[in-house]
Amino acid sequence: MKLQRYCRVKSLELRHCHLSVRASLCAALALTAIAAAMTITTAAAPDTSPASPADPQIAAALRQISATRIQSTIEKLVSFQTRSTLSAQDPASIASGHGIGAAREWIKSEFERFSRDCGGCLEVKLDSFTEAPGGRIPKPTEITNVHAVLKGTDPESAKRIVLVTGHYDSRNSDNLDIANLAPGANDDGSGTAVSLECARVLSQLKFPATIIFLTVAGEEQGLNGSRHFAQMAKSAGWDIEAALNNDIVGGDRSPQQDTSVVRVFSEGVPIAATEAELRQIRSLGGESDSTSRQLARYIAEVARTYDAGVKAMLIFRLDRYLRGGDHSSFNEQGYASVRFTEFREDYNHQHQNVRIENGIEFGDLPKFVNFDYVANVARLNAATLASLASAPAPPAKVHLLAAKLENDSTLTWEPSPGGRAASYEVLWRGTTSPDWEHVQAVGNVTRTTLPMSKDNVIFAVRAVDNQGHRSLPVTPLPER
């Protein structure tokens, strides 16, 4: 209507002109008005969606990840015939290269080889315990997790830990069967290969924070290995900021597979939340803002920043329907943890004895694994680990002031622990939006006010260092 009135006014000014000339001029003026309006709209609402600059060192490291090496790793794991948690671990079996004990020793030797290549930068450890009978464990069974620690270079930041894991045990149709082949190429030779390849490549670099490269056993028996490791970490007071679990990331070569994405599962309401925290989550509408959900969003941003060859498909669910994985062991201890899994699983190629039946080939064999896809998933994991380990710690005690009714929103926080933050950014999104939509740099401050209602958006604050590395975002708690 305003545009029509504008045209009428200008037409009256041209009342002495020929009709066709007057119409042409009015049309031109109208187009000018439209263009001006578009310019004003664009200036008022610039594209401020979150984007982080790529670190050249991290980008170069990702190019070192090798699909050929990953293939070699998976084929070596398959060569142990079975890696069932219940299979042989005696010296003779280990010497003959058969069973989970032989697989364990080989993984340990790989971590040790990587450490020699980086001048002893990795501390290789075994976390062994005896699982009592129960569930899928028919008798007392030794379970051993193998991990390598790349200690952070900054004394304060080194207390922060980011972790990648996959389970190296396997199974076939009968979980108690330790005699028949259980190759486990995809489930979870692929995830184990991701941990090993990340260790090989990232051990050549230095990071302020600590990275742990982990492989666990006992997953197929009930997440036994990861549960023990996560409980040990919690008892020791480890500050695990993020745990990345890779399980079935082989990109099974089925026609319906989508190799452009990897699913990233994350819990919404934290399983470790107290009753008071649950009441607060319900009150604030924070069901989609757990630390694990923030980690998933961080992974999606890393995928946009680095050309890993695969994008993160965020699945806002703890895991696949009525199934579970090792990341939930870390969730139970209050840690942020997510699961990476290929887009489409082929159930003929997991938890199945190797056989051909009615013309259908069953079994988790290397020939069904897309090694280039596993390499891309490893790149996304490595980029996430390196980004987090390079970044300052998240800001502490982030609050949103709610003492009075007002349409502006004021956030406060304590400085990022460790003193490595150079500035801070505020993120926000609509309450129905799955990912962060906007970012505002606010400088090296601990308080800022934005001209928007806290009732209409969800806020978060993150720390940024001098090189542009960004921490995980922290959503605020209300302060009256």
>> My understanding is that only one of Val164, Val146, Thr165 makes a side-chain contact (heavy atoms from CB on, under 4.5 Å) with Leu214; could you say which?
In response: Thr165
> Does Ser190 reach the main-chain N or O of Val249 with its side chain, forming a donor-acceptor pair under 3.5 Å?
Replying inline: yes
>> Please find the pair of heavy atoms, one from Ala67 and one from Asp372, that lie closest to each other, and give the distance.
In response: CB-OD1, 3.3 Å
> Who pairs with Glu131 by side-chain hydrogen bond (donor to acceptor under 3.5 Å, both in side chains), at least two apart in sequence or on another chain?
Replying inline: Asn224
> Run the salt bridge (charged side-chain N to carboxylate O under 4.0 Å, His left out) check on Arg282 and Glu277 step by step: do they pass?
Replying inline: CA-CA 9 Å; Arg282 287 192 291 267; Glu277 289 169 336; over 6 Å; no
>> Looking at Arg253 and Phe368, would you say the former's side chain and the latter's main chain have a donor-acceptor pair under 3.5 Å?
In response: no
>> Minimum heavy-atom separation for Leu122 and Phe114, please, with both atom names.
In response: CD1-CB, 3.8 Å
>> Using the salt bridge (Lys or Arg N to Asp or Glu O under 4.0 Å) criterion, which residues pair with Arg113? Sequence neighbours excluded.
In response: Glu110
>> Determine whether a donor-acceptor pair (N or O, by modelled atom type, separation under 3.5 Å) exists between the side chain of Asn246 and the backbone of Val194.
In response: no
>> Treating Arg297 as the side-chain partner and Pro434 as the backbone partner, does any N or O pair qualify as donor plus acceptor under 3.5 Å?
In response: yes
> With no hydrogens and no angle check, is any side-chain donor or acceptor of Glu342 less than 3.5 Å from a backbone partner on Gly251?
Replying inline: yes
>> Any side-chain to backbone donor/acceptor pair from Ser283 onto Arg279? Under 3.5 Å, distance only.
In response: no
> Under the ring pair (Phe, Tyr, Trp, His ring centres under 6.0 Å) criterion, do Trp238 and Phe229 qualify, and how do the steps go?
Replying inline: CA-CA 11 Å; Trp238 292 6; Phe229 191 92; 5.8 Å; yes
>> Ignoring hydrogens and geometry beyond distance, is a side-chain donor-acceptor pair present between Asn175 and Glu220 at under 3.5 Å?
In response: no
>> Asp239 vs Lys159, test: salt bridge (charged side-chain N to carboxylate O under 4.0 Å, His left out). Steps then yes/no.
In response: CA-CA 6 Å; Asp239 180 15; Lys159 299 173 185 176; over 6 Å; no
>> I'd like to know if the side chain of Arg339 and the backbone of Leu318 have a donor-acceptor N/O pair within less than 3.5 Å.
In response: no
>> For Glu197 and Arg379: C-alpha separation, side-chain torsions, deciding distance, then whether salt bridge (charged side-chain N to carboxylate O under 4.0 Å, His left out) applies.
In response: CA-CA 9 Å; Glu197 189 67 0; Arg379 290 185 183 96; over 6 Å; no
> Are any side-chain N or O atoms of Thr144 and backbone N or O atoms of Asp127, one a donor and one an acceptor, separated by less than 3.5 Å?
Replying inline: no
> Given Arg171 and Gln221, is the side-chain hydrogen bond (donor to acceptor under 3.5 Å, both in side chains) satisfied, shown in steps?
Replying inline: CA-CA 9 Å; Arg171 61 162 291 177; Gln221 273 59 46; over 6 Å; no
>> If I compare all heavy atoms of Gly189 with all of Arg83, which pair ends up nearest, and what's the gap?
In response: N-NH2, 3.7 Å
>> Ignoring hydrogens, what is the shortest heavy-atom contact between Trp436 and Pro473? Give both atom names and the distance.
In response: NE1-CG, 3.9 Å
>> Pair Asn186, Gln350 - check side-chain hydrogen bond (donor to acceptor under 3.5 Å, both in side chains), show working.
In response: CA-CA 8 Å; Asn186 193 353; Gln350 59 178 262; over 6 Å; no
> Going by distance alone, is a donor N or O of one side chain under 3.5 Å from an acceptor N or O of the other, for His167 and Asp326?
Replying inline: no
> Are Phe362 and Asn353 side-chain neighbours, meaning at least one heavy-atom pair lies under 4.5 Å?
Replying inline: no
> Can the positive tip of Lys234 be found less than 6.0 Å from the middle of the six-membered ring of Tyr335, inside 45° of the ring normal?
Replying inline: yes
>> Distance to the ring centre below 6.0 angstrom and angle to the axis at most 45 degrees; does that hold for Arg293 and Phe316?
In response: yes
> Are the side chain of Asn172 and the backbone N or O of His351 linked by a donor-acceptor pair below 3.5 Å?
Replying inline: no
> Taking only residues two or more places apart in sequence, or in another chain, which ones meet Lys311 in a side-chain hydrogen bond (donor to acceptor under 3.5 Å, both in side chains)?
Replying inline: none
>> If you apply the rule side chain to side chain contact (heavy atoms under 4.5 Å, CB included), what do you find for Ile299 with Leu380, and how did you get there?
In response: CA-CA 8 Å; Ile299 293 165; Leu380 181 53; 4.1 Å; yes
> Do Thr210 and Val149 touch side chain to side chain, with heavy atoms closer than 4.5 Å?
Replying inline: yes
> Should Ser93 and Asp90 be marked as a side-chain hydrogen bond (donor to acceptor under 3.5 Å, both in side chains) after you check the CA-CA gap, both sets of side-chain angles, and the distance that decides it?
Replying inline: CA-CA 5 Å; Ser93 297; Asp90 59 281; 2.7 Å; yes
> Atom CD1 in Ile240, atom OG in Ser337: separation rounded to 0.5 Å?
Replying inline: 9.0 Å
> Are more than 12 heavy atoms from other residues, nucleotides or ligands located less than 6.0 Å from atom CG of Asp307?
Replying inline: no
>> Between Arg355 and Glu361, does the salt bridge (charged side-chain N to carboxylate O under 4.0 Å, His left out) criterion hold? Intermediate values first, please.
In response: CA-CA 6 Å; Arg355 68 192 191 280; Glu361 194 166 14; over 6 Å; no
